[in-house]
Each structure stands twice: as structure tokens, then as C-alpha cells.
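Proteins get letters first, then strands, A, B, ... in listed order; numbering begins at 1 in each.
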Amino acid sequence: MSRYNHREVEPKWRDKWARADLYRALSPTEAKDKPKAYVLEMFPYPSGRIHVGHSRNYTMGDVIARFRRAMGFNVLHPMGWDAFGLPAENAAMERKVHPREWTYANIAAMRDQLKLLGLAIDWSREIATCDPAYYKHQQAMFLAFWKKGLVYRKKQKVNWDPVDNTVLANEQVVDGKGWRSGAPVETRELEQWMFRVTAYADDLLDAIETLNKWPDKVRLMQANWIGKSQGANIWWQIAEAPSFLPQLAEGERSHARDPIPVFTTRPDTLFGASFLALAPDHPLTKAIAEHRPDVAAFVAECAQLGTSEAEIEKAEKKGIDLGVRVRHPFDPDWILPVYAANFVLSTYGSGAIFGSPAGDQRDLDFARKYNLPVTPVVLPPGADAATHAIDKVAYTEHGTIYNSRFLDGLSTRDAIKRAIQELVKLGRGEATTQYRLRDWGVSRQRYWGCPIPAIHCAKCGVVPVPEKDLPVALPDDATFDKPGNPLEHHPTWKHVSCPQCGGKATRETDTLDTFVDSSWYYARFTDPWNETKPFDKEAANYWLPVNQYVGGVEHAVLHLLYSRFFTRGMRDCGLLDLPSGEPFAALFTQGMVVHETYKSAAGQWLLPEETEVKDGARIDLATGKPVDVGAIEKMSKSKKNVVDLDAFVTDFGADVARWFVLSDSPPERDVEWTEGGVQGAWRFVQRVWTLVEDHGRAAPKPGEAPPPGAGEGDALALRQLAHRTVKGITDDIESFRFNVAVAKCYELVNAIAKAKDTNNAGLMFARGEALKLLTQLIAPFMPHLAEECWEKLGFEPFVSSAPWPVADPALAATNVVTLPIQVNGKRRGEIEVAKGAPENEVREKALADAAVAAFLSGQTIRKVIVVPDRIVNIVVG
RNA sequence: GCGGACGUGGCGAAACCGGUAGACGCAACGGACUUAAAAUCCGUUUCUCGCAAGGGAGUGCGGGUUCAAGUCCCGCCGUCCGCACCA
């Protein structure tokens with residue numbers, strides 16, 4: 001008997017699959033009646049090398065893809081590269097290699113590694129977003145979105161790194177400093193290209209309800225991110241203003257003298273108002289700061305204040321009286337002061353609030369500090385109007401309105417409606433909806449991204465690049481030796497003539513945020529060869545939406561939201577139909593692979609293979625000194641707690657890696673990579689192979705019938721287990737319970753190993769059948785091993801192209817069930833009865849059971865509960 | 001602060017609709033085979049009382065509903081995640 005040799009077997013089958021072109025997705029015409037299944041894992045950024053931690057995501061997608069293929073679906077399971085991005089430029093700066101070279105070298109290495117995993121991928125559809133053949137369509141799409149009004153330009157505040165001369169994403173600002181330069185980040189107003197995501201705010205929110213195959217958690221996060229609030233805009237008339245602000249003549253309008261708009265969700269509390277507060281960078285605050293040094297100082301102080309969690313927690317509510325007075329919308333004689341306050345955000349609503357201290361904790365803190373009136377207007381349910389008072393804690397819940405003139409006695413809900421009615425009647429306000437969601441700023445001052453196809457002309461303004469001139473390709477000869485945008489520094493690239501007037505003009509040197517690249521790649525996969533269009537409309541209509549998307553929860557908001565925006569944009573530009581507008585019908589967010597971290601005595605991170613366990617303690621192989629075993633964390637290069645994929649595949653094989661990452665924990669939870677776990681998976685592979693090799697041919701010869709005895713005793717029991725397992729694993733894969741499916745495989749293998757009696761023909765037949773079914777069941781998980789077993793058992797050509805086994809209902813259903821008998825809820829015995837046995841028969845048998853009888857003697861039986869095929873409970877006392 | 005998820009043996013976990021808690025794996029222990037080790041095979045393994053048969057307790061804590069609760073309800077405690085001065 002030979003050991004299973006994965007080093008020979010795995011490459012052999014990968015080669016055979018490739019020759020047979022087994023995993024090519026069929027065109028709609030080739031597919032005929034086959035239903036389609038588009039299975040996709042979030043495509044990787046080519047950062048360097050793959051470690052076993054990355055493999056979990058692809059393995060899960062692969063299990064689904066192989067399972068669907070076996071179920072008779074026309075499967076699209078593609079792979080590509082999210083290839084633009086900052087690390088390539090950093091590498092260019094540090095190592096003097098061109099970002100393109102660095103990226104493509106990584107792609108080549110990672111492609112080879114991914115292929116080692118034996119994924120059922122249609123490699124003919126491979127794409128890289130940095131390929132002009134990809135991004136030229138993205139540029140065309142950008143122009144189409146622009147035409148449709150989904151792209152615009154706007155001055156916006158950005159994080160600016162003054163050393164690197166570039167905009168930083170929020171994630172790249174650490175403690176207020178640039179992550180690379182360490183320089184304090186400045187806020188700058190820059191002209192930015194924007195995507196009008198908010199145009200779809202309502203649809204993006206409402207459609208979340210239809211995404212019933214997405215995790216609730218992700219749906220909730222998206223809903224929170226969009227953050228819809230309904231309420232009212234109220235315009236507060238200015239009653240007094242400092243004399244230095246422009247005076248108004250009759251009928252004249254002025255920015256500084258116009259009514260101040262305020263957004264609120266609680267117009268019902270208007271009679272509790274005692275002040276207005278403006279953001280420090282509200283236009284009126286700024287206008288006043290120009291004349292009042294104390295206000296200017298306050299504004300400067302607020303600008304310095306950090307926005308980190310801890311700082312906000314500590315920050316005191318502070319403000320300054322601006323000397324402006326406004327009139328209450330419901331009573332022109334009621335005059336309220338206007339403050340600038342540090343807790344008001346300029347970026348939400350209109351950058352101004354009205355303070356109603358009894359109903360808002362911040363307003364209350366502020367009112368107490370500046371001795372402003374606190375009038376309770378909401379009476380909590382059951383509270384007494386005569387005694388209810390607000391001291392240090394605001395009452396923010398709903399209740400009954402009082403102290404509020406015409407709103408008195410209404411519920412808060414009704415009072416909101418009534419107040420808005422009144423505001424509209426008086427022309428002082430209107431009902432409105434606010435979103436937390438902002439439009440998407442996509443300008444990046446970087447080289448390694450998709451150039452924005454626009455030209456700036458002194459005469460014609462901002463002009464789109466004509467489609468015939470696409471792609472706007474990146475220049476190869478950029479230099480990376482100085483900070484800032486290489487496209488900006490390039491001596492010639494940006495100088496062009498204006499497509500409209502022919503005069504001198506310059507190219508836009510900003511490139512697109514790389515999230516744009518990944519917002520439509522799943523659509524490109526449906527027709528990646530198309531040279532004239534991003535994709536053929538019919539191909540996209542056929543394949544989309546993606547039936548199963550698999551990826552990390554870290555993309556729960558940005559990537560998934562942007563993609564949902566993009567499908568809507570593409571639809572409205574006529575590129576595809578997709579009535580739902582939803583790109584991903586089902587989403588699964590998988591957990592990470594985590595591993596212990598190791599530090600040497602000198603405090604250096606150590607790779608797992610640089611250590612060893614000796615006498616129960618982990619030691620540093622280089623020094624022999626004990627290793628500091630740290631936290632179990634997500635595998636990452638920086639902490640060196642990674643296991644390289646190539647080396648692992650050489651040592652143990654791809655199947656062991658695939659099996660292990662799915663076996664120990666539920667797929668949505670993290671799994672810890674351990675030596676022991678790996679050994680267990682390895683043992684299982686060997687065990688399956690030994691059983692198969694030992695058994696030999698299982699395929700029936702033509703005309704061969706099951707031997708007598710296959711339908712009774714141990715043989716029947718094994719066949720029943722095998723068919724039950726088929727049914728169970730089918731359900732488990734369908735519902736992403738891979739770890740449970742794995743456990744069922746172990747159970748079946750244990751049973752097969754026990755059922756060995758070569759003189760019992762019936763049992764050997766059952767054994768062969770069980771091995772065949774086992775082989776098919778493990779095929780999505782361990783395709784190489786499964787192929788080798790399939791061949792050994794005498795089947796052909798591929799288990800990977802064999803139809804998924806169907807459980808024989810007669811065998812999968814058991815005809816005898818063991819029922820536990822409880823007395824007063826405690827298990828006291830068990831009986832065996834035929835499945836579906838009538839209740840009275842079960843009752844009699846239970847009462848007659850000897851073990852049970854002992855607990856019944858001397859007691860009155862009050863009730864006997866029989867749950868058919870489940871349990872019997874006898875109530876005594 | 002707001003929102004959400006979770007809490008089960010030494011460990012990862014299972015228990016899908018309220019119906020035998022701990023499947024399966026890891027680790028540990030005992031045994032077989034072996035000159036020995038590895039590998040493999042057979043067994044034990046929630047805690048507790050007991051020689052045993054058998055009993056008692058047990059799913060973070062405290063209550064409740066039910067014939068029956070890991071599962072449902074109420075209140076705590078703890079861990080993790082998301083958002084965060086959102087008016």
C-alpha cells in the first residue's frame with residue numbers, strides 16, 4: 001500500500017483539468033437550458049505573495065462554484081486583479097522599480113500561487129484593472145456618468161499632506177498625521193471630482209430590504225451609513241445683527257442677513273428652544289470672525305480640536321455669543337441668542353441647530369454652562385406635568401407635549417406633523433429629509449490609477465476627452481523621486497490642445513480612487529474581451545447579478561455601496577438592464593485566518609517556521625532562547641504570523657490547506673491556524689486514500705447487480721448513513737455550514753473504516769457505494785484527492801464534471817427511531833419504535849419500559865406528551 | 001453615548017422549528033503493534049458522588065414562560081464589531 005503522494009497527484013489533475021478546459025464558463029447559447037450561477041470572490045490586490053490566510057476566501061468560493069457546477073449550473077467563476085493603488089507607487093519610490101513592473105511581477109507570482117490551490121476558475125477571463133484595455137472602458141463610463149449628471153466638480157475639504165504634497169484618504173491619517181510623512185495633516189479646499197451617490201440615496205436605502213441573502217449586519221451598516229433622517233428645515237429670521245454686518249435696504253438680500261436655516265428631526269420641541277448654535281465654520285460665524293478677534297480665536301481653537309473618539313468624549317461643550325438675535329418662528333416677539341458652538345458640525349444638515357435643552361443632552365450641557373433657559377416640553381409617559389423637571393439629564397424619548405401653546409396635549413409624533421404644518425403655513429419652514437451619506441470624492445493626486453479623462457481649457461473650461469481619444473493612457477516615463485503627483489511633474493504628458501477650440505490646454509492630472517476600479521469589475525468579467533464597450537449588454541444581462549459574492553466584512557460599506565451605486569449608474573446610462581439595480585444577489589462575509597504571533601528575546605517578530613516547540617515551550621531556532629508567544633491575530637506580513645502558501649502546498653498539499661481552513665470554525669467566524677489542526681487534515685487525506693486504495697474498484701461492471709445482503713444488517717446501516725450524509729452535506733453547503741459538512745465527512749469515513757468484512761459481499765458493496773459518494777462529497781473541498789480516488793474506484797473521466805449525488809429517499813430516511821423517555825423533563829430511558837408509529841402505541845411502550853417504570857411507581861400520571869419521532873415526556877406528581 | 005453580534009468541556013465547535021447538550025476535530029491519558037521512535041489501530045475523556053449498578057449538577061449570572069429552555073421573554077455581567085457631537 002502506498003502513501004498518498006500529493007506532490008505528484010495535485011499537479012497531474014490540475015494539468016488534466018486545464019487540458020479539458022473544464023472550468024470555462026459557457027456562453028448563453030452553449031448553455032442551452034442550464035441555469036447560470038455567477039460565483040465571485042472579492043478580487044485581490046496584487047500586494048506580493050499569497051499566504052494560507054488568503055486561501056480561505058477563494059476556497060469558500062470554489063466550494064460553491066464546484067458544487068453549483070455539479071448541480072448542473074453553467075458557472076462563471078473568474079479571477080482578476082485590483083491592480084491600481086498606492087503600494088505600487090511606494091515600491092517605486094523605495095526600490096526604484098516602475099509601479100507597472102512591480103504590479104505585474106506580483107500578479108505573475110500570485111497567479112501561480114492561486115493556481116496551486118486548484119481553483120475551478122475560468123482563467124480565460126482574467127483581468128487587471130491597470131490594463132489600458134480595462135481602464136479605457138472605465139474612462140468611457142466616467143464620461144457617460146458625467147453626461148448623465150452623475151459626475152460633477154466641487155470644492156471640498158480634504159486631508160492634505162504638506163510634505164508628500166498629496167491628498168490623503170481618511171484611513172491614511174493616523175492621529176492627525178500623514179501615515180508616511182508623519183507631518184500634521186492640513187485641511188485644504190480643493191476642486192474635486194465627485195460621483196453623485198446621493199442621487200440614489202433613497203433607492204440604495206430602500207433596496208437594502210430586498211437583499212435578503214446578505215448578512216443582516218452588512219445591511220444594517222449600509223442603512224446606518226446612508227443615515228436617513230426625516231424632519232424639517234426651519235428659517236430663523238434675524239432680529240438683530242452687529243452693525244459691521246452689511247445693512248439691508250428694503251427688499252435687498254445679503255448672505256449675512258438672510259434667515260438662518262436649521263435642520264431638525266424634532267420640530268415638536270420648538271417651544272423648548274432657547275438658542276441657536278452655528279458651526280465654527282458656518283458662513284455667518286466666519287463673517288463675524290472677520291470683525292471680532294474673540295470669535296476668530298474661538299474658531300481657531302475649534303479647528304485645532306481633534307476629532308478622535310477620546311477627544312470628543314472629553315471635549316466640553318463650548319460656545320461664544322455672536323451678537324446676533326433671531327425671532328422664534330412661531331412668535332415674532334420671542335427673541336433668541338445665536339452662538340457659535342464647538343459641537344455643531346458644518347458637514348451635516350445646514351451647519352446650524354436650535355437648542356432645545358430639555359430634550360437633548362448636548363443642548364442641556366450648553367444651556368447650563370451659559371445660563372440659558374431650560375423649558376421641558378415633552379412629558380414622559382406617566383409623569384406629572386406639575387412636578388416633572390429637567391436637571392442634568394435631558395429627556396430625549398417620546399411622550400406628550402406640554403408648555404407648548406397649540407401643540408399642548410399632542411403626542412410627540414403628532415406634534416412633529418402639526419409643527420411642520422404650521423411652519424409651512426407661516427412660510428418659515430418645510431418638511432425635509434437629510435442623509436448622512438455624502439457624494440463620493442474620487443480625485444486622487446497619484447500616478448498609479450486611472451487617469452480622469454478631462455481637459456482644462458482657459459477658454460472652454462473643463463472639457464471631456466472625446467471618446468475616440470480613449471484611453472487616456474498613463475505615461476510610462478514618469479519619475480517618482482520627488483513628492484507629489486508624478487503626472488503633474490511630467491514634462492509633456494499634460495499638455496494637449498483643447499478638443500473644442502484647439503487652443504492650448506492641460507490634462508486633468510488627478511486619477512480616480514481605486515474603489516472606482518472595483519465598482520464594476522464583476523460586470524467586466526461577463527465579457528472581458530470586448531474592445532469597444534465595457535461589456536456586451538446581453539452578456540451582462542445574462543450573468544448579472546452575481547449569485548454568490550464572497551469577501552471580507554471590511555468592505556461592508558465602501559466597496560459594496562459603491563458597486564451598488566455603479567450598477568444603478570450603468571443601468572441609467574443604458575449599459576445594462578438589471579431591473580433590481582443590485583450587483584450581488586447573495587453575499588457571504590467570511591472570517592479571517594488567525595495565528596499566534598511570536599517575538600524573539602530581542603523583540604523581533606518571528607515567522608512560525610523560525611520557531612519550534614521543545615519540551616512544551618516554544619523556542620527561537622536561531623538562538624535556542626524561549627519565544628514570547630503573543631496574541632492570536634489576523635495573519636499579516638508585518639507581524640510575520642503567516643504561513644507561506646507555496647511551502648505549505650509542497651509539504652502538505654493544497655487539499656490539506658483547503659480542508660483545514662474550512663474545517664474547524666464556522667465560515668463567518670475566524671479560524672485559528674494550528675499545527676494540530678493541519679495534522680488532523682493531513683491524517684484525514686491519508687485515511688481517505690488508504691480506504692479507497694484498499695477497497696479498489698467500486699464502479700459496477702456492465703450488467704452487474706447489487707449482491708444479496710446489501711439490503712440488510714451492517715450493509716444497510718452503512719448505506720443509510722451514506723445517503724443521509726449526501727442529503728446532509730448538500731444542505732450544509734447550500735447554507736454555508738462547511739464545518740458541519742466536514743464533520744459529516746469524518747463520521748462517514750469512520751463508519752466506512754469500521755465496515756470491513758471482505759467475506760460479506762453485501763457489506764463490501766455498501767462500502768464501495770459509500771466510498772463513491774464520499775469521493776463526490778469531498779470533491780468541492782479537496783478536488784485533487786477526489787479525482788485520484790474517483791479514478792482508483794474505476795470511474796471516469798472527472799469527479800469534477802460528475803453530477804452531484806442525489807440521496808435515495810428510501811435509504812436517507814430511517815425507519816426506526818430511538819425516542820428518549822422523560823419523566824418530569826428528565827431523561828429516564830429510551831425506546832425504539834417504527835418511524836411514524838401511532839401515538840397511543842408509543843405511549844404504551846414508553847409506560848411499559850422497565851427503566852422508566854421505576855420512576856413512575858407510587859406516582860400519579862398526570863399527562864403523557866408524545867412528540868412523534870422526537871420524544872416522550874411523562875408528567876407525574 | 002448609539003446600534004449590532006456573541007457567551008456551551010482543557011481548546012475549536014455541534015445541537016437547523018423549544019424536544020436525548022457536547023456530534024466531529026484538536027489536545028491529553030491508557031492499551032496494541034515495534035528493539036525503539038514515528039506512523040497506524042483500539043479505548044477513555046463535561047464536572048461530581050460511587051468499587052459498581054446507578055445518582056446528582058451542568059450551556060456567563062439572576063428571574064420568568066412551558067410538560068420540556070443552550071434555544072423564547074425580562075434584568076444584569078462580560079467579550080467583540082460598526083458608527084460616533086448626525087441636531
Side-chain angles (χ1 to χ4, degrees), chain A residues 3 215-225 227-229 231-232 262-267 269 277 279 305 307-309 311-313 315 317 341-345 347-356 359-363 365-366 396 434-437 553-554 556-557 659-660 663-666 668-672 674-681 683-684 686-687 690 728 731-732 735 737 739-750 753-754 818-830 851 854 862-877:
Chain A
R3 233 169 137 78
D216 289 344
K217 180 189 170 142
V218 174
R219 299 205 289 173
L220 190 70
M221 281 166 74
Q222 292 231 344
N224 289 342
W225 189 266
K228 183 176 181 172
S229 308
V262 169
F263 174 72
T264 181
T265 55
R266 295 295 299 274
T269 64
L305 209 81
T307 48
S308 82
E309 182 182 338
E311 284 166 307
I312 287 169
E313 202 74 13
K317 304 285 171 274
N342 61 353
F343 64 94
V344 182
L345 302 172
T347 49
Y348 187 78
S350 58
I353 62 151
F354 78 80
S356 193
D360 183 288
Q361 194 57 48
R362 293 158 304 176
D363 295 352
D365 294 347
F366 192 82
T396 58
Q434 275 291 328
Y435 297 92
R436 212 189 75 105
L437 180 73
V553 73
E554 67 272 20
V557 177
W659 186 253
F660 175 62
S663 65
D664 257 17
S665 290
E668 67 278 8
R669 233 178 280 177
D670 290 348
V671 63
E672 191 191 347
T674 59
E675 290 279 313
V678 167
Q679 290 297 333
R683 267 201 294 273
F684 182 69
Q686 297 298 334
R687 196 150 180 242
T690 308
D731 294 347
D732 289 340
S735 49
R737 290 193 306 248
N739 56 323
V740 182
V742 162
K744 290 190 175 122
C745 288
Y746 277 106
E747 270 179 286
L748 182 57
V749 164
N750 288 343
K754 277 207 178 85
T818 306
L819 292 191
I821 314 297
Q822 296 181 333
V823 178
N824 283 351
K826 290 196 179 196
R827 187 178 162 281
R828 297 301 185 187
E830 56 184 39
R862 302 199 178 272
K863 208 170 174 187
V864 180
I865 292 140
V866 178
V867 184
D869 299 335
R870 276 280 179 189
I871 203 165
V872 178
N873 192 8
I874 302 165
V875 188
V876 298

Pairing of A:Asp216 and A:Arg219 as salt bridge, 4.0 angstrom limit: yes

Compare the minimum distances between each of [options] and the side chain of [X], then state the nucleotide with the smallest one.
X        : options             : value
A:Lys317 : B:A27, B:U20, B:C85 : B:C85
A:Trp225 : B:A87, B:C83, B:G55 : B:C83
A:Arg870 : B:G19, B:G25, B:C85 : B:G19
A:Arg669 : B:A87, B:A13, B:G25 : B:A13
A:Tyr746 : B:C85, B:G25, B:C16 : B:G25
A:Arg436 : B:A21, B:C86, B:C16 : B:C86

Aromatic ring pairing A:Phe684/A:Tyr746, orientation class (parallel under 30°, perpendicular over 60°, tilted between): tilted

First encountered from the 5' end of RNA chain B, between A:Asn224 and A:Leu819: A:Asn224

At under 4.0 Å between heavy atoms, what does [X] touch on the DNA or RNA strands: base, sugar-phosphate, or nothing?
X        : answer
A:Asn739 : sugar-phosphate
A:Arg828 : sugar-phosphate
A:Ser229 : sugar-phosphate
A:Gly680 : sugar-phosphate
A:Val867 : base
A:Val553 : nothing
A:Lys826 : sugar-phosphate
A:Gln822 : base
A:Leu220 : sugar-phosphate
A:Arg683 : sugar-phosphate
A:Asp363 : nothing
A:Arg362 : base
A:Asn873 : base

Student check: side-chain heavy atoms of A:Phe354 and A:Thr269 closer than 4.5 Å: yes

[N] pairs with, by Watson-Crick or G-U criteria that keep both distances under 3.5 Å:
N     : value
B:A5  : B:U79
B:C29 : B:G43
B:C17 : none

Short side-chain donor-acceptor distance under 3.5 Å, A:Asn739 and A:Arg669: no

B:G63 versus B:U79 - spacing of their P atoms, nearest Å: 23 Å

Side-chain donor/acceptor of A:Thr264 to backbone N/O of A:Arg266, under 3.5 Å: yes

Check: B:C81 base within 3.5 Å donor-acceptor of A:Lys217 side chain: no

